[in-house]
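Take a look at the structure below.
Chain letters run A, B, ... following the sequence lines, proteins first, then strands; residues in each count from 1.
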Amino acid sequence: MLIYNTLTRRKEEFVPREPGKVAMYVCGPTTYNYIHLGNARPIVFFDTVRRYLKYRGYNVFYVQNFTDIDDKIINRAREVGEEPLNLAARFVNEYFKDADALNVLRADIHPKVSRHLDEIINMVQALVDKGYAYVVDGDVYYEVRKFDGYGKLSGRTLEDMQAGARVDVDVRKRDPMDFALWKSAKPGEPAWDSPWGKGRPGWHIECSAMALKYLGTNFDIHGGGFDLIFPHHENEIAQSEAATGEPFARYWMHNGFITVNQEKMSKSLGNFFLVREILAKFQPEVVRFYLLSTHYRSPLDFDDEKLTAAARGLERIKTSLGLLEEAIAGQEGDAGARPDPALSLRLDELRSEFERAMDDDFNTALAIGIVFDLAREVNTYLQKDSGAGAAEKGAALKKARDLFKDFNGVLGIFKTGENSNILLRGPGRGDAGLVEDLINLIVEIRQEARKKKDWTTADRIRDRLKEMNIILEDTPTGVRWKTQG
RNA sequence: GGCGACAUAGCCAAGUGGUAAGGCAGAGGACUGCAAAUCCUUUACUCCCCGGUUCGAAUCCGGGUGUCGCCUCCA
């Protein structure tokens, strides 16, 4: 398995710290608002990485933090007149609503900064003791010149950075690039006691402290967005490796940015899209499918037309699985039958192609292409007669269904085992069973009209139902209907 | 100013040395009362441009053009 490592700027064979086990840490959101599209990409992508590693048989321990102490939270809390920690906790709950909708599995641990002050303070103290940090008026700064490897992740030297520095230089710092490990509190701000007075952690130290606590040194995968490479992850490395004297993380993975209508999302442009705004227009599966349809290191643009195209593509996959389930349901189970090789051999090929794609730095775009291949393979098989016996055919169909489910177990692009008819499960829809009965009744009446060749009535019913997003399909064996989100 | 990424059909998007995956949209056909769904066929003599290396390059090298990102809170 190959993983592109930001640290070395190339794909490397993945060798975990301990055989069979993967320890990974992904930088989670700062909870001062609902999550936006830019947050959604790493959340969904790294969830997929984790699922695939599991599929590959690794025992994965997955940590994703919440930053619940931060300037942005404090500012926001002041605006709305709420306690900062309260506001942060509220948006942690909101985070889970969005993440659940996107079919993101819970991390093994979701540590919060506010619960790890002891670890953070101890780490800052260790850095001060070792001479990597200095104290000025209750603030503690990390001295970047003291750390030899500073710049190794982002690939730039301290000289490069200073040439381009656009930051106002704080005269109390020994070097303009020195960054805060601990910030003294101003009146009214949340503050914790420390050896340097009341204050709060700097931005980068939390991730170092929490990752080291739960995963130890030299853990396997550290992930996040491209923009975190510098300064956030660069600083994490500097702090952690200076404090422990050991390598911090082995593989650094960074996802590319999301743009909206070809523009970077930014507050000044007013195009910061929240996940739930998109979810109001598109089904969550479509959003997840779209996020995975481009390789994670490439930029990805969002607009309604692209999402609509993605929705149609995903529909094709879901239809295929639906046809497959339908065919299996009409078949007597015959355990022990040998799957029809006409389909079965191809299924084996598709599985290994899928694995090859994912093994190559999690190429989800290619992998999705293989899911489409599977769909066409199944649809074709369902239409033609291979000449095999019913039991063999049934076994092949079940094998195809298992393959679909395995692919989906990794990609998570459609929900299984529940009614996907959004009309029937949406809020305020009343008795879903009643709705279903009524549609069945209408379909029945339409069938009678069709028998009498009353096409005007039959077409009118079909057209009117379509306007209500209920799609009727006449097949040789009866009428199939579904709702369209 | 410093650092870096990308440029593939109408659109989205894989592919990093051997005659261009897949999806959406479009065209033709099969099926259908008509549709829908599905299947079959079809849509890039070519991968931004100009040079070079090579028997051979979308893929490597040099130059150019364009787009984007980081260097500041940001996923």
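Every residue was checked against the salt bridge (Lys or Arg N to Asp or Glu O under 4.0 Å) condition with A/Asp340, not counting sequence neighbours, and none meets it. Take A/Arg172 and apply the salt bridge (Lys or Arg N to Asp or Glu O under 4.0 Å) test, not counting sequence neighbours, and it matches A/Asp137, A/Asp139, A/Asp170.
Taking only distance into account, the side chain of A/Arg156 never meets the base of B/C71 through a donor-acceptor pair shorter than 3.5 Å. A/Asn363 contributes no side-chain N or O that forms a donor-acceptor pair with the base of B/G15 under 3.5 Å. One can find a donor-acceptor pair under 3.5 Å joining the base of B/C34 and the side-chain atoms of A/Asp474.
Outside the 6.0 Å centre-distance limit, the rings of A/Phe179 and A/Tyr141 are not counted as a close aromatic pair. Ring pair A/His233/A/His254: centre-to-centre distance below 6.0 Å. Taking the ring centroids of A/Phe66 and A/Phe96, they lie under the 6.0 Å cut-off.
As the counterpart of B/C60, B/G52 is assigned, both hydrogen-bonding distances of the Watson-Crick or G-U wobble pattern falling under 3.5 Å. Pair check for B/C24 finds B/G10; Watson-Crick or G-U wobble, both atom distances under 3.5 Å. Under the Watson-Crick and G-U wobble criteria, each requiring two contacts below 3.5 Å, nucleotide B/C73 is left unpaired. Across all strands shown, B/U38 is found opposite B/A30 as a Watson-Crick or G-U wobble partner, with both distances under 3.5 Å. Under the Watson-Crick or G-U wobble criterion, with both distances below 3.5 Å, B/C45 has no partner in any strand shown. Checking B/A5 for Watson-Crick or G-U wobble geometry (two distances, each under 3.5 Å) identifies B/U67 as its partner. Using the Watson-Crick or G-U wobble rule with both distances under 3.5 Å, B/U19 pairs with nothing in any strand shown.
Summarising the geometry, the separation between CG on A/Asn65 and P on B/A75 is reported as 11 Å, rounded to the nearest angstrom. Taking atom CD on A/Glu349 and atom P on B/A21, their separation rounds to 16 Å, with Å as the unit. In this structure, A/Tyr381 atom OH and B/A37 atom C1' are separated by 20 Å, rounded to whole Å. Atoms CD (A/Glu377) and P (B/G22) sit 12 Å apart, rounded to a whole Å. If you take CZ of A/Arg450 and C1' of B/U32, they are 9 Å apart, rounded to a whole angstrom. When the C1' atom of B/G2 is taken as reference, atom CG of A/Leu158 falls 13 Å away, rounded to whole Å. Atom P of nucleotide B/G4 and atom CZ of A/Phe257 are separated by 19 Å, given to the nearest angstrom. The nearest whole Å value for the distance from the CZ atom in A/Arg460 to the C1' atom in B/C34 is 17 Å.
Applying the 4.0 Å criterion to OP1 and OP2 of B/C3, one finds that A/Arg9 has every side-chain N and O outside that range. Proximity of A/Asn379 to the phosphate of B/U38: no side-chain N or O atom is located under 4.0 Å from OP1 or OP2.
Geometric assessment of A/Lys318 against the ring of A/Phe414 yields a negative cation-pi assignment under the 6.0 Å and 45° thresholds.
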Next on the checklist: With side chain to side chain donor-acceptor pair (under 3.5 Å) as the criterion, how do A/Thr457 and A/Asp459 come out once you've worked through the C-alpha distance, each side chain's angles and the decisive distance to 0.1 Å?
Outcome noted: CA-CA 6 Å; A/Thr457 304; A/Asp459 290 351; over 6 Å; no

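Checked against B/C34, B/A37, B/A75, the side chain of A/Arg462 finds its nearest nucleotide in B/C34. The A/Asp227 side chain lies nearest to B/A75 when the options are B/U38, B/C71, B/A75. Of the candidates B/A36, B/C24, B/G33, the closest approach to any side-chain atom of A/Arg446 belongs to B/G33. Listed candidates were B/C39, B/A14, B/A75. Nearest to the side chain of A/Leu366 is B/A14. Here B/C40 is the nucleotide among B/A37, B/A75, B/C40 with the atom lying nearest to any side-chain atom of A/Arg376. In this structure, of B/A75, B/G33, B/C39, it is B/A75 that holds the atom nearest to the side chain of A/His36.
A residue-by-residue look at A/Asp360 and A/Thr308 shows that A/Asp360 has its nearest nucleotide of RNA chain B further toward the 5' end.
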